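Shown next, in structure tokens, is the structure this report addresses.
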Protein chains: 2
Amino acid sequence: MMSEQGSGEQLSRRDELKGAGLKVTLPRMKILDLLEKSNQIHMSAEDVYRQLLEMGEDIGLATVYRVLTQFEGAGLVKRHHFDTGHSVFELERGDHHDHLLCIKCGRVEEFIDEMIEKHQKSIAKQRGFTITDHSLVIYGICKQCR
Amino acid sequence: MMSEQGSGEQLSRRDELKGAGLKVTLPRMKILDLLEKSNQIHMSAEDVYRQLLEMGEDIGLATVYRVLTQFEGAGLVKRHHFDTGHSVFELERGDHHDHLLCIKCGRVEEFIDEMIEKHQKSIAKQRGFTITDHSLVIYGICKQCR
DNA sequence: AACTAAATGAAAAGTAATCTCATCCTTACC
DNA sequence: GGTAAGGATGAGATTACTTTTCATTTAGTT
């Protein structure tokens, strides 16, 4: 007796995975779920792993790394390097944005500036580059930390 | 009998080190020398280490890492993270600039755009951030690689 | 329900970077 | 110029992060 488990949300998650050519497995669903529900914008593989453990899920660290990398390839998440030495992942919500990062507390704010985007495009064009991606991070000290 | 080894160039390098509060040692001089003379703008610690080996210098990798980090602290070099997973170092020449990076051949071009700089400052101000640094990298495919 | 291929978990391996500590070299002082 | 003291170095151990391997499990198909 199959109960109607699939909420609309879960169905759409299923589709995201299928659309990416990935089998719908428990670990993948749980990780996607966590990324969507977490209030943390950027999560490292370790963060994801630990939170899953706390939730009682038994998912290996290797799987977390593997799945996050696959999600990146599928365009479901974006990987950032910032200046920390390890990767953090952010759910791709379609809206490109840049980052402001507090070097004291780690706080991250997002922003977009159309003028900056335009200038970037024109610079790339001038130099004969076809843009595939770009990354703008402003490091500083936030209001609360001063 | 000490011969007059010090060219003007070497003297200024000496001063750079002293000014940074660092003893003038052979490894530091060689590394600084390499960074100044290399035609590679960005070098990883491994790059520096290997090139020194090739030049017949016997400088340990640990020293290269240590010295580059000290140079960074002293403002002699700038460390970049890009999206490669490891750090690269660039000699600090006083002129701030951003980067265009070809993801196929690794080619790096530098650029500055005053308008972008201004917009960054105004965004940080709006949000109450005091900027300490910023990093803008445009990833793409260069003319030659297409 | 059974089959096939892909996905997973645990442990091993691989990288980049840092640390430890005995030895060496610079600098400051005589 | 010689010498003492403390910082600097090199080799190897160590850490942190990430990827790979391989036996087992699971999802999607028949």
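Below, all heavy atoms of this structure are taken into account, side chains as well, without hydrogens, waters or symmetry copies. The structure displayed is predicted, hence computed values, not measured ones. Numbers restart at 1 for each chain; the letters A, B, ... are given by sequence-line order, proteins then strands.
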Are the side chains of V24(A) and R13(A) in contact, using a 4.5 Å heavy-atom criterion? no

To the nearest angstrom, the NE2-P distance between H81(A) and dT18(D) comes to 8 Å

Closer to the 5' end of DNA chain C via nearest nucleotide, is it L26(A) or V88(B)? L26(A)

Short side-chain donor-acceptor distance under 3.5 Å, T63(A) and R66(A): yes

Among dG12(D), dA8(D), dG9(C), find the nucleotide with the atom closest to the side chain of T25(B). dA8(D)

How would you label the contact of R28(A) with the nucleic acid (heavy atoms, under 4.0 Å): base, sugar-phosphate, or nothing? sugar-phosphate

What's the closest nucleotide to the L61(A) side chain, out of dA8(D), dT20(C), dT18(D)? dT18(D)

Among residues 70-78 of chain A, which ones have heavy-atom contacts with DNA chain D below 4.0 Å? none

Is E46(B) salt-bridged to R50(B), cutoff N-O under 4.0 Å? yes

Nearest to the H86(A) side chain among dC17(D), dT8(C), dG10(D), which nucleotide is it? dC17(D)

Closest to the side chain of R66(B), out of dT18(D), dT8(C), dG10(D), is dG10(D)

Within the structure, does a side-chain N or O atom of Y65(B) lie under 4.0 Å from either OP1 or OP2 of dT18(C)? no

Whole-Å distance between dT8(C) P and I31(A) CD1? 8 Å

Nearest whole Å is fine: how far is dT9(D) P from E57(B) CD? 13 Å

L53(A) CG to dG9(C) C1': how many Å, rounded? 13 Å

Report the nucleotide, chosen from dA27(D), dT21(D), dT9(D), that has the shortest atom-to-atom distance to any side-chain atom of K23(A). dA27(D)

Within the structure shown, what part of the strands sits under 4.0 Å from S87(B) by heavy-atom distance: base, sugar-phosphate, or nothing? sugar-phosphate

Nearest to the side chain of P27(A), which nucleotide is it out of dT18(C), dT27(C), dG9(C)? dG9(C)

Of the candidate nucleotides dG28(D), dT8(C), dC21(C), which contains the atom at the shortest distance from the side chain of V24(A)? dG28(D)

Determine whether the aromatic ring centres of residues H119(B) and H119(A) are separated by less than 6.0 angstrom. no

Are there over 12 heavy-atom neighbours, none belonging to M55(A), within less than 6.0 Å of that residue's CE? yes

Are a donor atom and an acceptor atom from the side chains of D15(A) and S12(A) found within less than 3.5 Å of each other? no

So which of I31(A), L35(A), V88(A) actually passes side chain to side chain contact (heavy atoms under 4.5 Å, CB included) with M43(A)? L35(A)

When the distance from CG of L17(A) to P of dT8(C) is rounded to whole Å, what number comes out? 10 Å

In whole angstrom, give the distance that lies between atom NZ of K18(A) and atom P of dA6(C). 17 Å

